[in-house]
Amino acid sequence: MRRSEVLAEESIVCLQKALNHLREIWELIGIPEDQRLQRTEVVKKHIKDLLDMMIAEEESLKERLIKSISICQKELNTLCSELHVEPFQEEGETTILQLEKDLRTQVELMRKQKKERKQELKLLQEQDQELCEILCMPHYDIDSTSVPSLEELSQFRQHVATLRETKASRREEFVNIKRQIILCMEELDHTPDTSFERDVVCEDEDAFCLSLENIATLQKLLRQLEMRKSQNEAVCEGLRAQIRELWDRLQIPAEEREAVATVMTGSKAKVRKALQLEVDRLEELKMQNMKKVIEAIRVELAQYWDQCFYSQEQRQAFAPYYADDYTENLLQLHDAEIVRLRNYYEVHKELFEGVQKWEESWKLFLEFERKASDPSRFTNRGGNLLKEEKQRAKLQKTLPKLEEELKARIEMWEQEHSKAFVVNGQKFMEYVTEQWEMHRLEKERAKQERVSEHSVGRGHHGNQLKNKKQTETEMLYGSAPRTPNKRRGPAPHTPGKVRRLNTTTMSNATANSSIRPVFGGTVYRSPVSRLPPSGSKPVITSTCSGKKTPRAGRYGANKENVELNGSILSEGSVPL
């Protein structure tokens, strides 16, 4: 049983006790029955009026609760619709009072969410407006009268964040471009002469509109200034090159050059002006020293001719080079020719350097070939022979590779320019083939000379052995007595052979000198034209000691040289 029911029964009991008590009082007083009836009616009326009043109040409370529930439900439905959420549903059966309380609580929560969303929307709109004004972009399209959904607010927040990033990147770009523009203007001594340039350089950075159009205009302005700066630098560098060239041609002393050293760097307007003044001064000096300048240009022309491997015909084709009338017109012709040659060399620099490398390698190869045929190189004890052999072997491998590489590059060049690449007036590969053929012919000629000299040397060697035996016999048994009045001359056959040997040697030397040199280098003669080691004077020693002669020891020490020189140890072999 509920406590309220217990209290109701107790109330009834209390009322019953009160009525019994009243009756007892009335009995003691002696109130007649009719008055007791009246008094009982008054008690009933008071009790009934009190209960009716209480019931009315409770009924009023119920009506208020029902009305509040209705209002809350309507408002809640509206808020759910505005906030784009599902309508509120009460779970299970509940009393009127609880329902009203739950609905009222939910309404308050919805109102709070609505307020927060509206406040965030307003804040985002203010930020969007500020960023769009700086970036010159349209505002974000959203209905400010309605309550935004969570998704709409999220998209708006992302949009504002993107605008902030765009602003930051554009501002960074603007600051960077502005710094470069200021540097270029300072370099060019340029003052802002348009409203846009003044806005960029002079106004506050935060006030500058970071629109795409303004950024593009900034970039265009920077490109224009950089172009002017690069043009100015090119002009200044050209003036400096012209000054150095005139200094060299006019042989200006170092003291006078140092006076202009301050303007030999930089490209500002004052530097350019100073450079131009120096050029004008030197040009005037050049006109006053025409012959000296033309001769200096001719020296430079000869250097470029050598670097470009010009043939004699190509050099003679520039007739002003050989003129003696030193006029301004002649100077202009020389200036034009040196500019043309300089450009020609720069365009084909890689090819010319490759040809130069081949020529140097070829000269080194010929030097190693000459040393390889020189028997005196075997007397070396410092390890140079091994180094030379390694370098020679390396050159024999690298030369063909270098020639193939040059051949491919020259063929490509000839296809691009539709003309032949010539060295000293001859196609390069034909030139290379000719050098190899000349080298082969030289080796063949040297081989033939060595064969002929070796056969002459064998006859001379036989006479030397005969003289040696006669000397040893005279030392052992004594020489035959000679008559003082008769003077015995030298053996008739030996001087004649010696003279013939000298004649052969001289003729061979003459033949060697007539061979065409490679690249203007030295012609190397065969070392076999020297007398063999056995042709030297014999060493006279005593035979009484019973020891071997020192000649045998010397022969053992120089065995390597003797064998390679083609002496008595191998008369049938011919060194190649």
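Given the structure is predicted, the values throughout are model-derived calculations rather than measurements.
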Mind listing the closest non-hydrogen atom pair of [X] and [Y] along with its distance?
X: Pro192; Y: Met185; value: CG-SD, 4.2 Å
X: Leu225; Y: Leu188; value: O-CD1, 3.7 Å
X: Leu135; Y: Lys167; value: CD2-CA, 3.8 Å
X: Thr191; Y: Glu197; value: O-OE1, 4.3 Å

Just grab all the ring pair (Phe, Tyr, Trp, His ring centres under 6.0 Å) pairs involving residues 171-191, residues at least two apart or on different chains. Phe174-Phe208
Determine whether a donor-acceptor pair (N or O, by modelled atom type, separation under 3.5 Å) exists between the side chain of His334 and the backbone of Leu330. yes
Between Arg257 and Ile252 (side chain of the first, backbone of the second, donor and acceptor by atom type, cut-off under 3.5 Å), is there such a pair? yes
Contact list for residues 344-356, test side chain to side chain donor-acceptor pair (under 3.5 Å), sequence neighbours left out: His348-Trp413, Gln356-Glu360
I'd like to check [X] versus [Y] (side-chain heavy atoms, cut-off strictly below 4.5 Å). Are they in contact?
X: Tyr326; Y: Val293; value: no
X: Leu331; Y: Ile297; value: yes
X: Ile181; Y: Ile177; value: yes
X: Ile215; Y: Leu212; value: no
X: Glu186; Y: Leu183; value: yes
X: Leu163; Y: Tyr140; value: no
X: Glu442; Y: Met438; value: no
X: Lys407; Y: Ile410; value: no

Quick one: salt bridge (charged side-chain N to carboxylate O under 4.0 Å, His left out) partners of [X], sequence neighbours excluded?
X: Arg171; answer: Glu205, Asp206
X: Glu151; answer: none
X: Arg223; answer: none
X: Glu245; answer: Arg249, Arg342

Among all residues two or more places apart in sequence or in another chain, which pass the disulfide bond (SG atoms under 2.5 Å apart) test with Cys209? Cys136
Atom pair [atom1]/[atom2] of [X] and [Y] - distance to nearest 0.5 Å:
X: Leu406; Y: Trp358; atom1: CG; atom2: CH2; result: 9.5 Å
X: Leu221; Y: Gln180; atom1: CG; atom2: CD; result: 11.0 Å
X: Ser361; Y: Lys357; atom1: OG; atom2: NZ; result: 6.5 Å
X: Thr327; Y: Ile294; atom1: OG1; atom2: CD1; result: 6.5 Å
X: Ile243; Y: Leu277; atom1: CD1; atom2: CG; result: 9.5 Å

Going by an N to O cut-off under 4.0 Å, is there a salt bridge joining Glu405 and Lys401? no
Residues which pass ring pair (Phe, Tyr, Trp, His ring centres under 6.0 Å) with His139, listed by chain and number, not counting sequence neighbours: none
Taking only residues at least two apart or on different chains, which pairs with a member in [range] satisfy salt bridge (charged side-chain N to carboxylate O under 4.0 Å, His left out)?
range: residues 227-238; value: Glu237-Arg240, Glu237-Arg244
range: residues 284-297; value: Glu283-Lys286, Lys286-Asp335
range: residues 302-321; value: Asp306-Arg315

If you measure only the distance, is there a donor-acceptor pair under 3.5 Å linking the side chains of Gln276 and Asp280? yes
Would you sort out whether Glu173 and Arg170 count as a salt bridge (charged side-chain N to carboxylate O under 4.0 Å, His left out), showing the intermediate values? CA-CA 5 Å; Glu173 185 177 5; Arg170 290 188 187 179; over 6 Å; no
Neighbour count >12 (heavy atoms, 6.0 Å) for atom CD, Glu256: yes
Does CE in Met412 sit with more than 12 non-hydrogen atoms of other residues, nucleotides or ligands closer than 6.0 Å? no
Show me the side-chain donor-acceptor pairs of residues 316-323 shorter than 3.5 Å, one per line, residues at least two apart or across chains.
none

Can you check side-chain contact (heavy atoms from CB on, under 4.5 Å) on Gln314 and Trp305, steps first, answer last? CA-CA 9 Å; Gln314 289 175 300; Trp305 283 344; over 6 Å; no
